[in-house]
Protein chains: 2
Amino acid sequence: MGQTDTVTRILDTAEVLFAERGFAETSLRHITSKAKVNLAAVNYHFGSKKSLIQAVFARYLTPFTERFHAALDELETRYAGEVIPLEVLLETMARTVLEVPAERNSLKVFMRLLGLAYSQAQGHLRRYIQEEYGSVFSRFTELVRRATPDLPDAERFWRLHFMLGTVIFTLSGLDALRDIAEKDYSDRVSVRELVRRMRPVVVAAMSAPLPDTVVATAEAS
Amino acid sequence: MGQTDTVTRILDTAEVLFAERGFAETSLRHITSKAKVNLAAVNYHFGSKKSLIQAVFARYLTPFTERFHAALDELETRYAGEVIPLEVLLETMARTVLEVPAERNSLKVFMRLLGLAYSQAQGHLRRYIQEEYGSVFSRFTELVRRATPDLPDAERFWRLHFMLGTVIFTLSGLDALRDIAEKDYSDRVSVRELVRRMRPVVVAAMSAPLPDTVVATAEAS
DNA sequence: CCTGATGGTAAACAGATGTTTCAAATGTAA
DNA sequence: TTACATTTGAAACATCTGTTTACCATCAGG
């Protein structure tokens, strides 16, 4: 314990390398050499590269789900059975997402990791995240359901994922997009600023009018 | 030329494997064995794996940009200097995107590839796509600019990318999302149906009210 | 027939990958 | 100190990676 712990030094290095280059493109040798740790340390402490990847996510997701559950608890007691407005729900989620990584590394890394979790092959990761942290998301969507009673269930499901795409895509590709925005519009924007800009867009998207008429899915009932 | 050409057999196999597992996770041996082609054929016909990846994209993007340019030409003559409404622009783009892959493989593969192009490391890919096909996108955004005159340039830029995130995220992760939607809401949805549902959402998002007040970027002018 | 490409093939190459092994170091408790 | 468990270390392991080499088949034009 003379310096920082070997385990956390591996995690710290792994998360930024994963975020920069993806999982398959980041070798254990790259991680361990940059972290100034022996190569075998990863397999000793985590068992495998897969488990390392999951551990990197757990370090973000575990505190996030805890805080988000707490925030939702507080919201539910504050509104005491009344319907919590959509704006409040979204605002709460945004605040929690912004809070958690602030303690450790940057939000950018967290979002980039989330984006990778969806886009990279890594089927084990999606399964792990779903099984381990799916409950908060279910609770949140249930509250959103009460906040948007006239939206058909399927429609709300899709729109929530539309917006999830907006957030993850934008925040995970942040650096590239920010470069373009800065060059073309001299618009240097922070993450918080971006989230602020997203709010009215997301609210408008969720409360958009329904599409013309449902035709194709008629026989699915 | 006894059977299908070696080159197209490689491309056909590569594009679905890339879409399924990503670029780094797909080996040339996997591609060539499934395509029943010799391993060396890839390097013989394409030169390298990098060039193979670019060739896979070119096969989609080249016809797409051609058609999209043509569609925009037709729109501009039809509206003869008048401003083309936002809905028409979006509808045109959606139609072109739906048309092109219909000729060859499924739209899903194309979208998944696009999503990978953004999220995977592969810096060479982003550069290639930008240099080769950036012109159509610039032309499109200029038309969108005229269609939304009261939107600040930077705001429009970000909202367009918000919506790009919606489309790519949803359509590239389509299979997983569709499984959930079908299980939870018995809502079996086609790609065209999904695009139809996206339209009002995208329009509402683009014409959402501006965020409260711009503070952080004030000194950037 | 010969010549010279062109496309295909098997084998080898050089290097990187995740993982394992086992001995040395370190810390901890008796 | 002794005895034991935990942690580090260097090296090897087996496998997989993209790429190259050299050889064979086919077929056109002289």
Side-chain angles (χ1 to χ4, degrees), chain A residues 1-59 113 116-117 120-125 127-128, chain B residues 1-59 113 116-117 120-125 127-128:
Chain A
M1 214 202 284
Q3 36 202 352
T4 26
D5 192 27
T6 302
V7 173
T8 69
R9 215 157 62 248
I10 292 176
L11 286 173
D12 287 342
T13 313
E15 75 178 16
V16 333
L17 287 184
F18 283 155
E20 281 174 2
R21 328 166 76 89
F23 304 115
E25 294 88 346
T26 303
S27 68
L28 292 184
R29 283 173 176 79
H30 194 175
I31 296 173
T32 52
S33 73
K34 186 167 184 183
K36 286 198 264 292
V37 179
N38 189 273
L39 169 62
V42 168
N43 283 278
Y44 176 78
H45 286 285
F46 296 94
S48 67
K49 188 181 180 181
K50 270 191 192 176
S51 310
L52 207 215
I53 296 176
Q54 296 182 353
V56 166
F57 274 84
R59 213 163 52 141
L113 289 175
L116 287 175
Q120 302 253 119
Q122 308 293 351
H124 71 96
L125 230 190
R127 247 174 286 125
Y128 170 78
Chain B
M1 217 204 281
Q3 37 200 353
T4 25
D5 192 26
T6 303
V7 173
T8 68
R9 215 158 61 248
I10 291 176
L11 286 173
D12 287 342
T13 314
E15 75 177 15
V16 333
L17 287 183
F18 283 155
E20 280 174 3
R21 329 166 75 90
F23 304 115
E25 294 88 345
T26 303
S27 68
L28 293 184
R29 282 173 176 80
H30 194 174
I31 295 173
T32 52
S33 73
K34 186 166 183 183
K36 285 200 264 291
V37 178
N38 188 273
L39 169 62
V42 168
N43 283 278
Y44 177 78
H45 286 286
F46 297 93
S48 68
K49 187 181 179 180
K50 270 190 193 177
S51 310
L52 207 215
I53 297 176
Q54 296 181 353
V56 166
F57 274 83
R59 213 164 51 142
L113 289 175
L116 287 176
Q120 302 252 118
Q122 308 292 351
H124 73 96
L125 229 190
R127 245 173 290 125
Y128 170 77

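Since the model is a prediction, treat every value here as computed from it, not as a measurement. Reminder, nothing fancy here: chain letters follow the sequence lines and each chain counts from 1.
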Inset, instruction - Salt-bridge test for B:Arg59 and B:Asp12: reply yes if a basic N is under 4.0 Å from a carboxylate O, no otherwise. - result: yes

Side chains of residues 35-43 of chain A: which donor-acceptor partners sit under 3.5 Å, not counting sequence neighbours?
unit_1, atom_1, unit_2, atom_2, d
A:Asn38, OD1, A:Ala40, N, 2.9

Legend entry - Phosphate OP1/OP2 of C:dA16 contacted by A:Ser27 side-chain N/O (<4.0 Å): no

Legend entry - Neighbours of DNA chain D within residues 33-47 of chain B, by heavy-atom distance under 4.0 Å: B:Leu39, B:Ala40, B:Asn43

Inset, instruction - Could you check B:Arg29 against B:Thr6 and say which one's nearest nucleotide on DNA chain C is further toward the 5' end? - result: B:Thr6

Inset, instruction - Looking only at non-hydrogen atoms, find the nearest pair between A:Val56 and A:Ala14 and report the distance. - result: CG2-CB, 4.1 Å

Inset, instruction - Provide the closest heavy-atom pair for A:Leu116 versus A:Phe18 in the form atom of the first, atom of the second, distance. - result: CD1-O, 3.2 Å

Legend entry - Rounded distance (Å) that lies between atom C1' of C:dT17 and atom CG of A:Leu28: 8 Å

Taking distance alone, no hydrogens or angles, what donor-acceptor pairs closer than 3.5 Å link side-chain atoms of residues 46-54 of chain B to residues at least two apart or in another chain?
unit_1, atom_1, unit_2, atom_2, d
B:Ser48, OG, B:Ser51, N, 3.3
B:Ser48, OG, B:Ser51, OG, 3.1
B:Lys49, NZ, B:Phe23, O, 3.0
B:Lys49, NZ, B:Thr26, O, 2.8
B:Gln54, NE2, B:His124, ND1, 3.2

Inset, instruction - Could you tell me which residues satisfy side-chain contact (heavy atoms from CB on, under 4.5 Å) with A:Ser33, sequence neighbours excluded, listed by chain and number? - result: none

Legend entry - Outermost nucleotides of DNA chain D that come under 4.0 Å of a non-hydrogen atom of chain A: D:dT6 to D:dA12

Inset, instruction - Send over the distance from B:Glu25 CD to C:dT17 P, rounded to a whole Å. - result: 14 Å

Inset, instruction - Mind running a 4.0 Å heavy-atom check of residues 49-56 of chain B against DNA chain C and sending the residues that fall below it, in number order? - result: none

Legend entry - Spacing of A:His45 atom NE2 and A:Arg9 atom CZ [to the nearest 0.5 Å]: 10.0 Å

Inset, instruction - For A:Thr26, report the nucleic acid contact type (base, sugar-phosphate, nothing); a contact means any heavy atom under 4.0 Å. - result: sugar-phosphate

